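All remarks here apply to the structure that follows.
All figures in this text were calculated on a predicted structure; none of them were measured in a lab. Lettering follows sequence order; numbering is per chain, from 1.
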Amino acid sequence: MTATDTGTTAPIIDAEEAERARRDKINRIAKWTLPSLVMALTLLAWHLYVTLNEIPHYVLPGPLLVGSSVVEDWSILWPAMLTTSRLTILALILAILGGVALAVAFTQSKWAEMSFFPYAVILQVTPVVAIAPLLQIYVESAFVAALLCAWIVAFFPILSNTTIGLKSADHNLQDLFSIYGATRWQRLRLLAAPSALPFFLGGLKIAGGLALIGAVVAEFVIGRAGTGLGLASTLLEASYRFNFGRLYAALILISAMGVAIFAVTSLISHLMLRKWHESALKRDA
Amino acid sequence: MTLPLGKRPPLLTMSHIEKTFGTDIVALKDMNLTVNEGDFVSLLGPSGCGKSTALRLIADLTHPTRGRIEWQGGQGKDDLGIVFQEPTLMPWATVAQNVWLPFRLKGQGFGSVKGKIDEALSLVGLDNFANAYPRELSGGMKMRVSIARSMVTRPRLILMDEPFAALDEITRFKLNNDLLELKEAVGCTVIFVTHSVFESVFLSDRIIVMAARPGRVIHELEVDTPYPRHEEFRTSNEYAAHTRAASDALHDAMGEAA
């Protein structure tokens, strides 16, 4: 036994802690490598299935063909993707503005909530596919009609979450604001709005995905009239032409857009809540 | 310096206060109480005796069914601070921003009152935590922030609704001692709701014992031990005698309720 074995300068790490540190490190690596591995294996299996069975490309194109379609059809796909992005993002922005404004109106006036909330629900539960053809008839511009469709789908989660959030402020804090003679505006800005923020951001994550779904559905229904809107219209058109390479390329780009929207809304949520909200806190042990 | 009991000018008077919830729940019945400037009054009683209701009436958060609350001089309800059983801090705001709130709601900018905020935080021993968020603090520290917020405007009256009930005993004793020092430093009047006989005897010079169903005042005791009171007071014979008297009064309150 020597003194260096239990040197006082080195931090003492017991077996359990060392094991945990090792596990954390493995988890950090596995979090990225495992999904990548699954992706690679899936692509390989897809490729082998298509080539070994000699599946014709108009039934199932192989991953190489899809990849080359993305490159070759880029001049068609890129403008389509821009249109779909513009549709989705505009719908989401309008959903945020409309949803938040309506939520504030509902919490400021019980009468407004009683009068209009049932209709917000009806708008939400009516399938957008059923409304789209009507919009196409009444609204001149195909883009505006599609925008309305996407907006209808996206705005409800923002409205309902923000409404609940605005009402969820701590009761004692509300009393405190009364005692100090807070104005309505101070209450809204300093108490209700921050209390609603986590709820709103939860709604935003859902609405982001729904805006894309709404845009895709709208393009299917409205774009069919030959107005050729965005990626979903391109996808539909490719399927009519049995151009399955392009169809899959469009599908992959739509799904990449969904992932990007989710990533961005999650990042916004994390940045806004990381300092104080339970959902963003790291816990030890 | 606080005047001796009996020589203090009255601050507020509750006369024949009655509070009914719905049509048949009588929360308070014929409550009469005069609080004097510099008093440390405890409202002691079992749950349902209306002690929290009395506090809410004084804070003007609810209004009496019958009777009147009169303030002597000053602006009355605009001149008070409150501490709840929970720390009731805004989790999205830092400690300093939380203490700023009473000023902020009166339209005063942070810079113009920063000195007062620092002073209040220093009084509760949290000088170094101005920029911390509530989640980074222990339960006792959060309560200190809450107390700093109630005192930062130097109100004439501070209402406390079982502020230490959820804390462990060691923290509670420490906060009891500190609260007495704070009250001396700030020179305010305190109305303190509690269901702890020990806490009421240690802290207050007047104990109002209340009974439930219907909520009403049944005894008033004086604890004439002069301030400052220190930890030694807890083990003195005087303390034991007062505690016994308060326990007997509370026993009465429980007996009448049953």
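Comparing A/Thr183, A/Leu197, A/Leu176, A/Asp170 by how many heavy-atom pairs each has under 4.5 Å with chain B, the most go to A/Leu176.
Residue-environment remark: CZ (A/Phe116) stays at or below the threshold of 12 foreign heavy atoms within 6.0 Å. Other residues, nucleotides and ligands contribute only 12 or fewer heavy atoms inside 6.0 Å of the CZ atom of A/Phe262. Atom CD1 of A/Ile122 has more than 12 neighbouring heavy atoms from other residues, nucleotides or ligands inside a 6.0 Å radius. Other residues, nucleotides and ligands contribute only 12 or fewer heavy atoms inside 6.0 Å of the NZ atom of B/Lys29.
One finds the NZ atom of A/Lys275 at 10.0 Å from the CD atom of B/Glu136 (value rounded to the nearest 0.5 Å). Atom NZ of residue B/Lys106 and atom OH of residue A/Tyr180 lie 8.0 Å apart, to the nearest 0.5 angstrom.
Contact annotation for A/Ser195: both backbone and side-chain heavy atoms come within less than 4.5 Å of a heavy atom of chain B. With a 4.5 Å cut-off on non-hydrogen atoms, B/Leu101 touches chain A through its side chain but not through its backbone.
What you find for B/Arg135 and A/Arg274 is that their closest heavy atoms are NH2-O, 4.0 Å. Smallest separation of non-hydrogen atoms from B/Trp92 and A/Leu191: CH2-O, 3.8 Å.
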- [ ] Take B/Arg56 and A/Asp175 through the side chain to side chain contact (heavy atoms under 4.5 Å, CB included) test and state the conclusion after the steps.
- [x] CA-CA 9 Å; B/Arg56 291 180 65 80; A/Asp175 284 347; 2.7 Å; yes

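For the side chain to side chain contact (heavy atoms under 4.5 Å, CB included) criterion with A/Ile179, the lone passing option out of B/Leu80, B/Leu105, B/Leu159 is B/Leu80.
Proximity of a side-chain donor or acceptor of B/Arg104 to a complementary backbone N or O of A/Leu190 within less than 3.5 Å is not detected.
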